[in-house]
There are 2 protein chains.
Amino acid sequence: MMGKLTAQGIAERALEIGDTEGLDAVTIRRLATDLGVTPMALYWHYKNKEQLIVGMADHLIGGFAPEPADERPWQARLRALTEGLIRTLRVHPCAKDVLEQIDPVAVPSFLAVWDQALGLARQAGFGVEESCLITKYLLQSAIAIADAPVHGAAEPDRAERVRLKRVGLQSLPTDRYPHLVEMAGPLVEGTDPALYDTFGVDLVLSGIEALAARR
Amino acid sequence: MMGKLTAQGIAERALEIGDTEGLDAVTIRRLATDLGVTPMALYWHYKNKEQLIVGMADHLIGGFAPEPADERPWQARLRALTEGLIRTLRVHPCAKDVLEQIDPVAVPSFLAVWDQALGLARQAGFGVEESCLITKYLLQSAIAIADAPVHGAAEPDRAERVRLKRVGLQSLPTDRYPHLVEMAGPLVEGTDPALYDTFGVDLVLSGIEALAARR
DNA sequence: ACCTGAACACCGTTCAAGT
DNA sequence: ACCTGAACACCGTTCAAGT
């Protein structure tokens, strides 16, 4: 019809669907009807659905260009990298689901971030094997932190679902699950987003710094 | 036929399929034929597929009974809890995939572990909100660590897939991804399982202890 | 190069019916 | 209580064919 069908455009529409209706709603056939095209048309641009999701992931992280090397210490640069990645992922609610379904090694824009993290880990004095572990761990944590329960989210039935979960926790036997019952509110409500982020990043980086200082 | 069909037995068979052929192979229809029964028979024992996966998760973690309170300091007890959970999850290769697809709050055996972690976090001096964040983070990390690339895994084509991934990384432009190219081997091969575990747990607990000491 | 039509082999789930 | 039969509304993907 109007705009030409392109791999880029397909990925963008897929992300819109995934963000608003969940990744399960991103279906080849649904996507095709949305784009005013036959399902098989998508197979010209992506080999299969897995590659489509890789395309979504690449478009997702593509918005984040790690800053060039500067003169700050590795701790500060690692923190900046982590916070930047979190901010980028936070834009798309379905980011975590997308990244879970594929091998990150297949996503070019992810490789750029990973390479930078590896360099900083080496700079911190970690060996090759340790740097691999640390960066995998760091990136995975960033993805998890980005997936925070957004406080004032868009979904209309969210308040009701949260209430149900809280009631569910509160009605547990107090003797077996004393802390869950007591903290049911904060557990399901989520916390102040700002606290959530800084606290999460602090936790990861503190761990890395502690290990770095131990050698 | 022989044994009676039971929710427990269904979950066990589902875990077997998931462990050997991947969670995608766990399908209502496939599971039914495996059990010598009609697909709709499963709907009497589980409301829908989501509840089936919850059943798998519960059976998974059910094997792990957190130890009762003793007199060790909270650091040691939190470490024991984490390592125990990791050992339990490691038994089932599909554990991570299973836990990703559902809300952990719906899994009774998971709640027991979570409650214990919450108690230890409070004991460490963290407030309510912080304890919620810390335990979510800790349990999530344990799940990720348990999902380690098992070194001498069962899959026969694993060696070939790993080789392909390494070649893929090594053929990247050296100027843009210097560290990925250099560390391609260790990155895809995975490391010594023992190192992987202790290092991962050390990292998480170091972070938590650092934050605890900061107040 | 880019897209369509028809077909295949699957899904999860409902609903009425059997024992 | 526990399971079956038939049907519905979906999937991803292939393969030949169109322009």
Side-chain angles (χ1 to χ4, degrees), chain A residues 1-59 94 97-103 106-107 157, chain B residues 1-59 94 97-103 106-107 157:
Chain A
M1 263 296 148
M2 21 193 60
K4 281 196 65 173
L5 196 60
T6 167
Q8 173 100 325
I10 295 172
E12 279 169 12
R13 188 79 195 93
L15 277 175
E16 286 175 31
I17 297 176
D19 286 337
T20 56
E21 304 177 41
L23 191 54
D24 286 342
V26 176
T27 226
I28 298 280
R29 296 175 115 104
R30 157 70 192 277
L31 195 50
T33 31
D34 261 40
L35 295 165
V37 99
T38 256
M40 290 62 85
L42 306 188
Y43 282 88
W44 200 91
H45 300 276
Y46 293 102
K47 184 174 153 259
N48 51 34
K49 191 176 179 182
E50 191 186 337
Q51 289 307 309
L52 198 226
I53 299 187
V54 170
M56 292 171 72
D58 197 42
H59 191 266
C94 71
D97 291 320
V98 167
L99 291 171
E100 261 170 8
Q101 301 229 354
I102 54 164
D103 186 352
V107 184
D157 53 340
Chain B
M1 266 292 150
M2 20 192 59
K4 281 196 62 174
L5 196 60
T6 167
Q8 172 102 324
I10 296 173
E12 280 169 12
R13 188 79 195 96
L15 277 175
E16 287 175 30
I17 297 176
D19 285 337
T20 55
E21 304 177 44
L23 191 54
D24 286 342
V26 176
T27 228
I28 298 281
R29 296 175 114 105
R30 158 70 192 277
L31 195 50
T33 32
D34 261 38
L35 295 166
V37 98
T38 256
M40 291 61 85
L42 306 188
Y43 282 87
W44 199 91
H45 300 276
Y46 292 102
K47 183 173 154 260
N48 51 32
K49 192 176 179 183
E50 191 185 337
Q51 289 307 307
L52 199 227
I53 299 187
V54 170
M56 293 172 72
D58 197 42
H59 191 265
C94 70
D97 292 320
V98 168
L99 291 172
E100 262 170 4
Q101 301 230 354
I102 53 165
D103 186 351
V107 183
D157 54 339

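Labels below follow one simple rule: chain letters A, B, ... track the order of the sequence lines, proteins then strands, and each chain is numbered from 1. What you see below is based on every heavy atom in this structure, not just the backbone, and it leaves out hydrogens, waters and symmetry mates.
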Atom-to-atom span, [atom1] of [X] to [atom2] of [N] - whole angstrom:
X        : N       : atom1 : atom2 : answer
Ile28(A) : dT14(D) : CD1   : C1'   : 13 Å
Tyr46(B) : dC3(D)  : OH    : C1'   : 17 Å
Leu52(B) : dC11(C) : CG    : C1'   : 14 Å
Gln51(A) : dT13(D) : CD    : C1'   : 15 Å
Leu35(B) : dC2(D)  : CG    : P     : 16 Å
Lys47(A) : dT13(D) : NZ    : P     : 9 Å
Arg30(A) : dC11(D) : CZ    : P     : 9 Å
Leu42(A) : dT4(C)  : CG    : C1'   : 12 Å

Nearest listed nucleotide, side chain of [X], among [options]:
X        : options                  : answer
Thr38(A) : dT4(D), dT4(C), dC2(D)   : dT4(C)
Lys4(B)  : dG12(C), dG12(D), dC2(D) : dC2(D)
Met40(A) : dC3(C), dC15(D), dG12(C) : dC15(D)
Ala41(A) : dC3(C), dT13(D), dG12(C) : dC3(C)
Trp44(B) : dA1(D), dG12(C), dC11(D) : dA1(D)
Tyr43(B) : dT14(C), dG5(C), dC11(C) : dT14(C)
Thr27(B) : dT4(C), dG5(D), dC11(C)  : dC11(C)

Opposite nucleotide pairing with dC8(C), Watson-Crick or G-U, both atom distances under 3.5 Å: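 Matched dC8(C) with dG12(D) under the 3.5 Å cut-off.
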Any strand: nucleotide that pairs with dA1(C) via Watson-Crick or wobble, under 3.5 Å: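 In the structure as shown, dA1(C) has dT19(D) as its Watson-Crick or wobble partner.
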Are [X] and [Y] packed together at the side-chain level, in the sense that at least one heavy-atom pair is separated by less than 4.5 angstrom?
X        : Y         : value
Leu42(B) : His45(B)  : no
Leu52(B) : Lys47(B)  : no
Tyr43(A) : Ile28(A)  : yes
Asp97(A) : Glu100(B) : no

Phosphate-side-chain proximity, His45(A) and dC3(C), N/O vs OP1/OP2 below 4.0 Å: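 So the side chain of His45(A) is within the cut-off, an N or O lying under 4.0 Å from OP1 or OP2 of dC3(C).
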With Arg30(B), the side-chain hydrogen bond (donor to acceptor under 3.5 Å, both in side chains) member among Asp34(B), Thr27(B), Thr33(B):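 Exactly one candidate clears the test, Asp34(B).
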